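Naming convention: chains lettered A, B, ... in sequence-line order (proteins, then strands); numbering from 1 in each chain. Since this is a predicted model, take the numbers as computed values, not measurements.
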Protein chains: 2
Amino acid sequence: MAAQPQAPASCCIAGDQARALLKALADPIRLQVVEALAPGERCVCELTEQLGLAQSKLSFHLKVLKDAGLLSDRQQGRWTYYRLQGRALEQLRDWLDQLMLCRSS
Amino acid sequence: MAAQPQAPASCCIAGDQARALLKALADPIRLQVVEALAPGERCVCELTEQLGLAQSKLSFHLKVLKDAGLLSDRQQGRWTYYRLQGRALEQLRDWLDQLMLCRSS
DNA sequence: TACATTCATCAAGATTTCTTGATGTGTAAT
DNA sequence: ATTACACATCAAGAAATCTTGATGAATGTA
């Protein structure tokens, strides 16, 4: 059967969006951040300590990840907590699945 | 002496390997190349025409993709045919799944 | 042999991305 | 009000990546 052009809601992100996610993840520091956040949210100061990064450096990468939709943040008092957005990872996986579908035809 | 990291064959690629794949895919031109190759193999001259790219430019990006393990090539006469390595895409998807698993625990 | 075709590779410049240190903003404690 | 803390943002330099045009290697054709 031919590949289906339509797909469920959570699927089907555009190539551009997929590329934004790929680009955000394709950096060693940002990947460490994502892995550090996989178990659950952390505040910036915990991350700087855990990863041994300069604060400004971490902040830069957190912004990249947030802009890509991979992280959300929440402010509580003086601390800012970052959290991994599983939705973005799912979308990327679905995009990969779609690509593999095209292939197997 | 290839000290093999302990991991099941298709799953469980290291973060470094995942990052190499992410980096290779995180470029608009390379993403176009990958999508162009999804239906099946193409020779370089077909790709240059289809994508409207300078030959040297395309060659550069093909090398990046091949080095990352996303493409394989096959020489036939004067032509070189490139083919998408579905295995690499699967590995990347599995790596994503693994990351999502860590998250939900 | 001589020549054209296909593709890879190289070096130099252009562009993008990252890092660093300084400064700014908001919050809370004294 | 002053100070300390947590974090974001900025500008300038450093580093990585991409592009371009030229050249080279391999294959096939006349």
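Atom CD of B:E49 is separated from atom CG of B:L58 by 12.5 Å, given to the nearest 0.5 angstrom.
Of the candidate nucleotides C:dT19, C:dC10, D:dA6, D:dA6 has the atom lying nearest to any side-chain atom of A:W79. Distance from the side chain of A:D27 is smallest for C:dC18 among the nucleotides C:dT9, D:dT19, C:dC18.
With B:S72 as the partner, the side-chain hydrogen bond (donor to acceptor under 3.5 Å, both in side chains) test is satisfied by one option alone out of B:R87, B:Q85, B:R83, B:K66: B:Q85.
Remark: side-chain polar atoms of A:R30 are paired, donor with acceptor, to backbone N or O of A:A24 under 3.5 angstrom.
Protein atom CD of A:Q76 is 11 Å distant from nucleotide atom P of D:dC7, rounded to whole Å. Atom-to-atom, CG of A:D67 to P of C:dT17 comes out at 12 Å; the value is rounded to the nearest Å. The interatomic distance linking A:F60 (CZ) with D:dA12 (C1') rounds to 14 Å, in whole Å.
The shortest distance between the side-chain N/O atoms of B:H61 and the OP1/OP2 oxygens of D:dT17 is not below 4.0 Å. Residue A:R78 places no side-chain N or O under 4.0 Å from the OP1 or OP2 atom of C:dT25. Taking side-chain N and O atoms only, B:K57 has a distance below 4.0 Å to OP1 or OP2 of D:dT20. Between A:K23 and C:dT16 there is no side-chain N or O to OP1 or OP2 distance below 4.0 Å. Between D:dA8 and A:Y82, a contact under 4.0 Å exists linking OP1 or OP2 to a side-chain N or O.
Across all non-hydrogen atoms, the minimal contact from B:L70 to B:L89 is CD2-CD2, 3.8 Å. When all heavy atoms of A:A26 and B:A26 are compared, the closest pair comes out as CB-CB, 4.5 Å.
Contact annotation for A:T80: backbone-only contact, meaning every heavy-atom pair under 4.0 Å involves sugar-phosphate atoms and none involves a base. Within the nucleic acid shown, B:L58 has no heavy atom closer than 4.0 Å to any nucleic acid atom.
One can find a donor-acceptor pair under 3.5 Å joining the base of C:dA8 and the side-chain atoms of B:Q55. Taking only distance into account, the side chain of B:Q75 never meets the base of D:dA26 through a donor-acceptor pair shorter than 3.5 Å.
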